[in-house]
A.B. asks: 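This is the structure I want to talk about, given as structure tokens.
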Amino acid sequence: MLLKFLSRLMASLLTTLLFATVVSVTANQTILNTTYIENKLQSQNAYDRLSDALSDEISKNSNDPTVSQTAVAAQLKNILTPAVLQQKIDVTLKQLHDYFHGNGAVPTLDVSDLVQAAQQAGLQVDGNKFSKPVELTAATKFKKVSGTAKVVGIGTIAAEVALFLGVLAIAIKRRDYRPLANIVFTLGTMLTLAGATLLFVPQLLNKVYTAKGPFASLVHDLAIVTVRDFGLRLLIPGATALLLGVLAKYALRKQRPPTYRAAVPRPKDTSSPTPVLTEPSRPQPVVPAAPAIPTSPTPPTAPAPGAPPRPKQPRKIQL
């Protein structure tokens with residue numbers, strides 16, 4: 001019973017650590033990876049869309065009635081080019097990296113100098129809204145993920161190895177390898193559920209959160225893409241581990257650990273012995289005795305000298 005309890009305890013701890021490890025590694029490869037985010041922005045044409053959105057947003061506050069809003073937006077696009085915005089966003093991504101991996105401030109995007117350049121070019125625009133850096137508050141929604149990412153380290157890996165060796169040793173001792181199959185099955189179930197849940201989060205996020213402004217829309221679209229990719233990266237290994245766990249449990253379904261029972265002395269039988277029935281002996285035939293054969297009388301022997309005289313016996317008369 002003690003070995004069984006220890007096996008279950010270590011298996012539970014090992015499964016939890018493995019789940020946290022997979023989630024943390026996946027987070028470091030996706031939402032906490034600056035290169036990954038840059039590639040996603042480029043694949044989504046985020047810089048071009050941000051240039052159009054910023055130009056339209058700023059042109060709405062034009063103070064020159066002689067110039068149409070469309071003309072102002074077209075001139076702003078020559079200043080707020082995708083290449084310039086990409087440089088600005090690269091700085092923001094560095095701040096985002098520091099924010100997730102340390103105690104840095106909330107990342108910001110500063111385009112106030114671009115608004116000033118537009119005003120110096122003769123565009124009558126109101127840059128009060130973008131006169132100072134804009135905080136990307138949506139990034140705080142993923143702050144907790146950075147805490148999980150810190151779990152991965154040499155200590156965690158050493159603990160996982162120690163727990164696995166402990167479970168394996170008990171399995172060999174008890175000749176029962178089903179706990180190993182249960183670890184794979186449980187880990188696969190947890191990863192599959194987590195991945196499937198993250199695939200539905202973007203739909204929920206679209207309903208409860210409405211992006212306001214160009215930068216908020218950029219972060220919102222980026223979050224939708226990364227969360228879906230994050231869930232897919234958990235779902236694929238989770239489904240694989242779940243399938244392997246099911247096959248292992250099916251292969252070991254008939255395995256039972258050997259049971260050890262102490263020898264119990266048998267109680268003495270105090271009942272009366274059972275009589276043994278034997279076959280009665282058969283009567284033997286009576287054989288008639290043979291007739292006596294007459295013998296000649298034995299002559300008397302002389303008594304020894306000094307011996308008392310023998311008594312005289314009656315004389316037998318033979319007929």
Side-chain angles (χ1 to χ4, degrees), residues 30-100 104-143 201-229:
T30 53
I31 61 177
L32 303 181
N33 191 330
T34 305
T35 304
Y36 169 84
I37 296 178
E38 290 177 353
N39 294 333
K40 285 297 180 182
L41 288 174
Q42 292 178 358
S43 63
Q44 297 294 320
N45 295 325
Y47 303 115
D48 294 333
R49 290 188 295 142
L50 181 60
S51 176
D52 295 339
L54 269 178
S55 300
D56 293 339
E57 182 72 18
I58 296 176
S59 63
K60 292 179 181 179
N61 299 322
S62 176
N63 298 326
D64 190 354
T66 61
V67 183
S68 65
Q69 181 178 340
T70 305
V72 174
Q75 295 180 14
L76 285 174
K77 288 180 182 180
N78 296 327
I79 299 175
L80 304 174
T81 62
V84 173
L85 294 177
Q86 183 175 357
Q87 295 176 358
K88 294 288 184 180
I89 292 178
D90 288 344
V91 177
T92 303
L93 291 177
K94 185 179 182 305
Q95 297 176 356
L96 189 67
H97 179 274
D98 297 338
Y99 176 71
F100 281 140
V106 178
T108 59
L109 184 61
D110 188 7
V111 293
S112 58
D113 57 337
L114 299 179
V115 175
Q116 293 177 2
Q119 292 175 347
Q120 293 175 0
L123 296 177
Q124 301 295 326
V125 294
D126 185 8
N128 292 329
K129 189 175 182 180
F130 302 102
S131 60
K132 57 183 179 180
V134 179
E135 287 189 351
L136 302 181
T137 55
T140 58
K141 299 180 183 298
F142 302 100
K143 176 63 176 178
V201 165
Q203 299 179 4
L204 180 62
L205 187 62
N206 287 329
K207 294 180 179 179
V208 300
Y209 177 76
T210 302
K212 297 180 180 179
F215 300 117
S217 299
L218 175 66
V219 175
H220 176 268
D221 296 341
L222 180 62
I224 294 296
V225 174
T226 54
V227 168
R228 284 177 178 172
D229 192 19

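These numbers come from the heavy atoms of this one structure, side chains and all, not from hydrogens, waters or symmetry mates.
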A.B. asks: Would a distance-only check, ignoring hydrogens and angles, find a side-chain to backbone donor-acceptor pair under 3.5 Å from Ser43 to Lys40?
C.D. replies: yes

A.B. asks: Within this structure, what is the CG-CG distance for the pair Leu76 and Leu54, rounded to the nearest 0.5 Å?
C.D. replies: 9.0 Å

A.B. asks: Nearest 0.5 Å please: distance from the CG atom of Leu41 over to the CG atom of Leu50.
C.D. replies: 9.5 Å

A.B. asks: Measure the spacing between OH of Tyr47 and NZ of Lys88 and express it to the nearest 0.5 Å.
C.D. replies: 14.0 Å

A.B. asks: For Asn78, is there any backbone N or O sitting under 3.5 Å from a side-chain donor or acceptor partner on Thr81?
C.D. replies: no

A.B. asks: For Asp110, check side-chain hydrogen bond (donor to acceptor under 3.5 Å, both in side chains) against everything at least two apart and list the hits.
C.D. replies: Ser112

A.B. asks: At what distance, to the nearest 0.5 angstrom, does CG of Asn45 lie from OG of Ser51?
C.D. replies: 12.0 Å

A.B. asks: How long is the gap from CG on Leu85 to CG on Asp90, to the nearest 0.5 Å?
C.D. replies: 11.0 Å

A.B. asks: Does Asp48 have any side-chain hydrogen bond (donor to acceptor under 3.5 Å, both in side chains) partners at least two apart in sequence or in another chain, and if so, which?
C.D. replies: none

A.B. asks: Starting at CG of Leu93, measure out to CD of Gln86 and round the result to the nearest 0.5 Å.
C.D. replies: 9.5 Å

